[in-house]
Amino acid sequence: MINKKVMTTMVVTAATLGSSVLGAKADDAVTPTSINTKATSQTTKQEATTISEGQKQANQAKTDQTKAGEKVSDAQKEQINTQKSQNQAKSEQEKAQENVDQKQESVDQAQQNKDQATPENIVKAQTKENQTQNDVDTAKADKTKADAAVSQQQSLADQAQKGVENAQGKVNTKAQAQREAQQQVTNKQQQVDAETQKLNDLTPEKINQAKDEVTKDIANNQTDITKTESDLKQANSAVTSSETRVANANEKATQTGNALKQAQENENTSSTANLAAKTAKESSTKTVQNWQNKLEAQPKYNIDVAAWKKVVNDQESLASLSGEEKPAAQKAYDAEYKAFTEKVWLDNGYVPTAKDTQTKISSFSNLTQDQRDELMNFVLDVINQASTMWNGNTDNNLKSTREDMKITQDVADAYSTANRNIYDGGYHLTEKIQAVENEYQFDMLGENWGGTYLVNALNSGKLTIGLMKQALYQDVMGMMFIDGDSSFGHMKNWTTNMPAGYVGLGFDKYGNTHYIIHTAFNKNDTHSDTTPIKHFEQSSDVKASLATAQTDLAQKTTLATAAQADFDKAHATTVSAKAANDTAQTELTNAQNDLKAKKSVVSSLNTKLNATQKQLATNQVKLAGLNQSLADLATARAQQTKVVEAAKDEVTKANAILTDAKKATESAKQALKVAEQQATSMQSLLDTAKQAVLVKQQMVTTKQNALNKAKAEVAQLVNADANLAKAKADLQQAKNELADKTVAYEKAVVANDQAKAKIQSAKQDKLVADQNYNRAMQLLNTLKAKQEIAKQGTASKTDPSIKDKAKNVAALKKYAESLQQSAKAALQRAQKSGDKQDQLLANKLVKAAQTATDRYQTALANLKIAEVENAVDKKKATSEKNVAMLDAKTGVVMPAPMPSKNSSHVEIPYTSQQRLPQTDEAQSERGGILVGIATLMAMFGFLGAKKRKQAE
């Protein structure tokens with residue numbers, strides 16, 4: 001006996017409506033005006049009577065609407081070009097008119113010249129021309145004479161200036177000779193004064209006075225020598241004592257220096273080890289920080305697990321309550337569920353990495369294998385995180401293989417082929433799911449189907465791996481934590497129904513997600529590729545790496561602490577050794593300085609002794625000389641008198657030379673003055689000659705201008721006929737060009753006016769297309785409403801089951817919400833356009849939405865009554881009574897939806913504009929999205945297919 005199950009589930013999760021991260025707001029995602037269809041044809045068509053016909057007409061109206069919009073755009077582009085052409089033509093026309101005006105002035109002047117061209121006037125003009133030619137010749141001759149005079153006077157001025165320069169050179173030479181003669185006189189006089197002083201000093205009195213002074217100096221020298229010799233003996237004794245002190249201090253300094261060197265070597269070794277340990281610790285710290293940062297960037301769920309489990313368990317407990325107990329319990333549970341799901345939304349979000357946001361995706365079908373594997377790893381990461389939270393361990397965590405990816409994408413492709421879109425209210429392709437089960441014979445198989453708005457991002461060229469990961473994150477979050485309307489069936493599929501199972505990921509052409517979940521592959525299966533998909537880094541990998549890095553950091557920290565202690569000890573030893581060495585070095589320095597000072601005293605005394613001895617010898621020689629001078633005084637005075645007279649003769653000769661030099665200098669200055677006066681005179685005459693040339697040149701210019709004018713007058717009179725003819729021809733050509741430019745301008749104006757009219761026509765066509773589309777959508781919505789009403793009426797007549805009533809309520813609710821969205825969009829358009837047709841359409845949609853809402857509320861009330869009446873029967877019912885057989889072996893289980901979840905629909909006002917942390921959307925926008933999520937999730941139940949036990 002083999003007990004097998006095939007389970008399929010369908011859910012519209014929060015991820016499917018997380019509009020901002022997927023490229024569309026909630027309003028944009030649901031209003032008919034945002035759907036990417038085309039404009040309606042303007043041709044009047046017979047009104048549709050079925051939804052199929054209404055949908056075709058709406059599609060055609062959208063096509064026509066788009067084409068009309070394109071025509072408006074094309075017409076506007078064309079008018080921009082015609083306006084440019086008109087402006088250019090106008091500019092060229094104005095330039096042509098200016099040319100005509102100029103040519104007309106030329107014709108008028110030529111006609112005046114023609115009128116004056118008589119033989120008498122021509123002769124007069126020619127005579128005037130001849131006279132002015134003579135005047136020009138005379139003026140040119142005068143100019144030539146003036147130029148010659150300037151040339152001659154320039155030569156004389158140059159010669160005079162050269163004479164000035166020569167005279168100045170002579171003045172400079174004579175002045176220098178005078179200064180040299182003056183210096184010679186000064187030098188000779190100083191020599192006379194010196195020799196005279198020597199003569200005056202040769203007397204007995206001064207010689208004896210000098211002898212007394214020298215004798216006294218000799219006695220002082222002898223006394224100083226005796227004292228210095230005594231001081232020198234004491235100083236040498238002090239040097240010997242100081243040398244002993246230096247030797248002792250040097251030995252101590254050597255000992256402490258060696259000790260310091262050893263301590264420093266030990267400290268250096270310890271410092272190197274300490275630095276290495278610190279570097280290793282810092283590197284390990286950075287590694288830990290990097291892994292921590294990486295972990296922060298990983299997708300994760302912040303969930304109150306106890307509250308999660310309580311929400312799930314409390315929902316299951318509702319089934320066992322009696323009819324009287326259930327309403328109050330249901331109300332309490334609704335509040336509990338609402339609070340839990342709202343906290344899930346507020347506390348969770350995923351921000352993709354910069355790399356992922358820059359990785360563009362051009363098609364869902366063109367994803368590379370690595371990209372598919374990366375997205376599957378992402379899904380496994382968030383699914384298994386939630387599963388671990390629920391189970392408290394990783395035993396039930398899922399995995400994925402190449403075959404899982406192939407199976408799931410094949411299923412997704414089948415949805416694309418069947419045009420089965422989750423947003424069109426489509427159901428699972430149970431036949432495809434059954435085919436997979438038949439092929440692989442899994443013990444258990446299920447599908448989770450999620451809707452996204454990724455196709456909007458794809459169509460706008462903004463789809464990235466980052467956006468896809470955001471959608472998948474919210475997709476799984478909705479199935480895991482916001483799955484109350486499906487009795488958390490999707491969550492249980494992920495976490496408990498298929499322990500240690502497998503899952504694959506696929507995308508259909510609408511961007512919706514498909515997850516095929518199953519138990520282990522059949523042991524007899526040899527064709528399946530069960531190779532694990534390529535592994536991309538997940539949160540568990542990052543956590544493991546972080547733990548390893550943290551362990552390494554702890555070890556590195558211990559080593560660094562020990563190394564620091566060793567270094568501190570070695571450093572303390574070095575400090576102590578350095579202090580001892582510093583003391584020894586200070587003593588050595590002091591001893592050396594003391595020795596140096598004492599040796600300096602010895603050296604000073606030796607120097608003093610030598611100097612005093614030399615001074616004594618000099619004074620003794622000087623005393624002997626004075627004695628000799630006193631004996632030879634008469635002869636010495638006679639000789640010195642001759643020397644003084646000879647010096648005076650030299651002064652007389654020098655003064656004579658100085659007198660001659662002064663005369664020569666004065667004579668040269670007089671010659672320079674005469675040369676400067678001559679040069680000034682010549683320059684004045686040159687300036688006068690140049691001024692005369694300017695006057696003559698002005699006269700030549702005046703006469704030449706008069707001659708040119710006379711020649712022009714003659715030419716105008718002689719060629720008057722030809723000039724007039726040419727001017728008229730030029731004028732006619734300018735007029736022709738003006739006519740051409742005027743025609744071109746008028747054509748450009750016509751073309752531009754036509755282009756403007758074309759824009760207006762296109763806009764009118766666009767308006768008609770917009771109205772046709774809106775009417776088509778209104779008709780389609782009306783037909784759908786009729787169908788839903790008919791279904792409700794038929795269901796009432798046949799006494800439908802609670803399940804069928806719930807489905808009807810859900811359908812009516814979906815339709816009412818659709819009309820609400822359409823009415824809201826229509827009102828916004830009417831307010832913007834102010835068009836009466838738009839306002840009428842909006843009013844009709846508002847009325848239709850109100851009617852649909854009333855019908856939904858009525859059906860909802862009937863459903864609540866039926867639920868209470870059948871509470872006892874539902875307790876007794878078994879799951880088998882809700883089975884509808886798909887074939888002889890397979891049935892579909894349809895659990896009843898939770899009625900209280902559908903009991904109300906509250907529109908959240910668009911007022912608050914706070915920003916949300918995960919999406920940076922306006923709070924009001926997010927509020928609308930959450931309402932849409934709650935209502936849409938209430939519309940889809942948990943669909944399960946169960947295989948009955950069969951005997952083999």
Side-chain angles (χ1 to χ4, degrees), residues 4-11 363-384 387 396-418 420 422 426-452 468 472 475-476 479 489-490 493-494 497-536 886 889-890 943-947:
K4 296 184 178 180
K5 295 181 180 179
V6 178
M7 303 179 67
T8 60
T9 60
M10 179 176 68
V11 64
S363 169
F364 296 118
S365 60
N366 288 341
L367 288 167
T368 66
Q369 179 171 296
D370 273 2
Q371 287 172 336
R372 292 183 184 277
D373 288 352
E374 182 179 356
L375 293 174
M376 186 67 250
N377 272 270
F378 184 89
V379 169
L380 284 172
D381 194 351
V382 291
I383 288 175
N384 289 335
S387 178
N396 285 5
N397 284 5
L398 301 177
K399 46 193 171 292
S400 186
T401 68
R402 286 270 167 262
E403 198 69 21
D404 291 306
M405 298 297 286
K406 174 181 177 298
I407 292 171
T408 310
Q409 190 56 52
D410 286 346
V411 170
D413 292 342
Y415 279 77
S416 297
T417 302
R420 186 69 59 87
I422 194 170
Y427 294 99
H428 286 267
L429 289 178
T430 53
E431 64 277 10
K432 179 62 178 179
I433 307 302
Q434 187 64 58
V436 173
E437 160 59 19
N438 293 339
E439 179 180 356
Y440 288 91
Q441 293 296 305
F442 295 120
D443 286 343
M444 189 177 291
L445 171 70
E447 181 197 28
N448 281 354
W449 183 18
T452 74
M468 296 182 78
L472 292 170
D475 212 11
V476 174
M479 293 182 185
H490 308 97
N493 271 359
W494 291 130
N497 288 347
M498 299 180 207
Y502 294 81
V503 63
L505 170 66
F507 291 92
D508 59 32
K509 66 182 181 181
Y510 304 106
N512 298 325
T513 55
H514 297 264
Y515 308 91
I516 296 298
I517 317 159
H518 62 85
T519 51
F521 286 92
N522 195 305
K523 294 181 179 179
N524 298 325
D525 184 353
T526 58
H527 72 280
S528 297
D529 183 0
T530 58
T531 304
I533 62 171
K534 182 177 180 180
H535 184 74
F536 285 80
L886 296 177
K889 297 182 179 180
T890 305
L943 175 64
K946 181 178 180 182
K947 233 180 190 182

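Numbering of residues begins at 1 and proceeds along the displayed sequence.
For the residue pair Ser363 / Ser365, a side-chain donor-acceptor distance below 3.5 Å is found, with atom types taken as modelled. With no hydrogens or angles considered, no side-chain donor-acceptor pair links Asp413 and Ser416 at under 3.5 Å. Residues Tyr515 and Asn493 bring no donor and acceptor atom of their side chains to less than 3.5 Å of each other.
Counting all heavy atoms, side chain and backbone alike, Ser387 lies closest to Trp494 at OG-O, 4.3 Å. Here the closest non-hydrogen pair linking Lys432 and Asp410 is CE-O, 4.0 Å. Val411 and Val436 make their closest contact through CG2-CG2, 4.0 Å (heavy atoms, listed as atom of the first residue, atom of the second, distance). Heavy atoms only, all atoms of each residue included: Ser400 and Gly504 are closest at OG-CA, 4.3 Å. Taking all atoms of both residues into account, the shortest heavy-atom contact from Glu403 to Asp529 is OE1-N, 2.7 Å. Considering all non-hydrogen atoms of both residues, Met376 and Ile533 come closest at CG-CD1, 3.5 Å.
Rounding to the nearest 0.5 Å gives a distance of 5.0 Å between CG of Asn524 and CG of Asn522. Between atom CG of residue Asp508 and atom CZ of residue Arg420 there is a gap of 11.5 Å, rounded to the nearest 0.5 Å. Of the inter-residue distances, the one linking Ile383 atom CD1 with Leu398 atom CG reads 6.0 Å to the nearest 0.5 angstrom. Atom CZ in Phe536 sits 4.5 Å away from atom CG in Asp370 (nearest 0.5 Å). Rounded to the nearest 0.5 angstrom, Asn396 CG and Asn497 CG are separated by 9.5 Å. With values rounded to the nearest 0.5 angstrom, Glu437 atom CD is found 8.5 Å from Asp443 atom CG.
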* Intermediate values then yes/no, side-chain contact (heavy atoms from CB on, under 4.5 Å), Leu505 and Leu380 -> CA-CA 10 Å; Leu505 170 66; Leu380 284 172; over 6 Å; no

* side-chain contact (heavy atoms from CB on, under 4.5 Å) assessment of Asp373 paired with Arg402 -> CA-CA 9 Å; Asp373 288 352; Arg402 286 270 167 262; 2.6 Å; yes

* To do: Test side-chain contact (heavy atoms from CB on, under 4.5 Å) on Phe507 and Asn512 and set out the steps.
  => CA-CA 6 Å; Phe507 291 92; Asn512 298 325; over 6 Å; no

* Between Leu429 and Glu431, does a side-chain contact (heavy atoms from CB on, under 4.5 Å) hold up when you go through it step by step? -> CA-CA 5 Å; Leu429 289 178; Glu431 64 277 10; 3.4 Å; yes

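Side-chain contact between Met405 and Gln369: absent, with no pair of heavy atoms (C-beta onward) separated by less than 4.5 Å. Asn377 is listed as a side-chain neighbour of His535, based on a closest heavy-atom distance under 4.5 Å. In this structure the side chain of Asp525 never reaches within 4.5 angstrom of the side chain of Thr530, judged on heavy atoms. Ile407 has its side chain within reach of Phe442: a pair of non-hydrogen atoms, C-beta onward, lies under 4.5 Å apart. Residues Met468 and Glu374 form no side-chain contact, since every pair of their non-hydrogen atoms from C-beta on lies 4.5 Å or further apart. Looking at heavy atoms from C-beta onward, Phe364 lies out of side-chain contact with Lys509 at the 4.5 angstrom threshold. Side-chain contact between Tyr440 and Leu445 is absent, with no heavy atoms from C-beta onward closer than 4.5 Å. Side-chain atoms of Val503 and Val379, non-hydrogen and from C-beta on, never get closer than 4.5 Å to each other.
The neighbour count for Lys534 NZ, taken as heavy atoms of other residues, nucleotides or ligands under 6.0 Å away, does not exceed 12.
The main-chain N or O of Ile517 is never found under 3.5 Å from a side-chain atom of Glu447 such that the two would form a donor-acceptor pair.
The aromatic rings of His518 and Tyr502 sit parallel to each other, their planes meeting at less than 30°, with 60° as the upper class boundary. Ring geometry for His428 against Tyr415 counts as perpendicular: the plane angle is over 60°, on a 0 to 90° scale with 30° as the lower cut.
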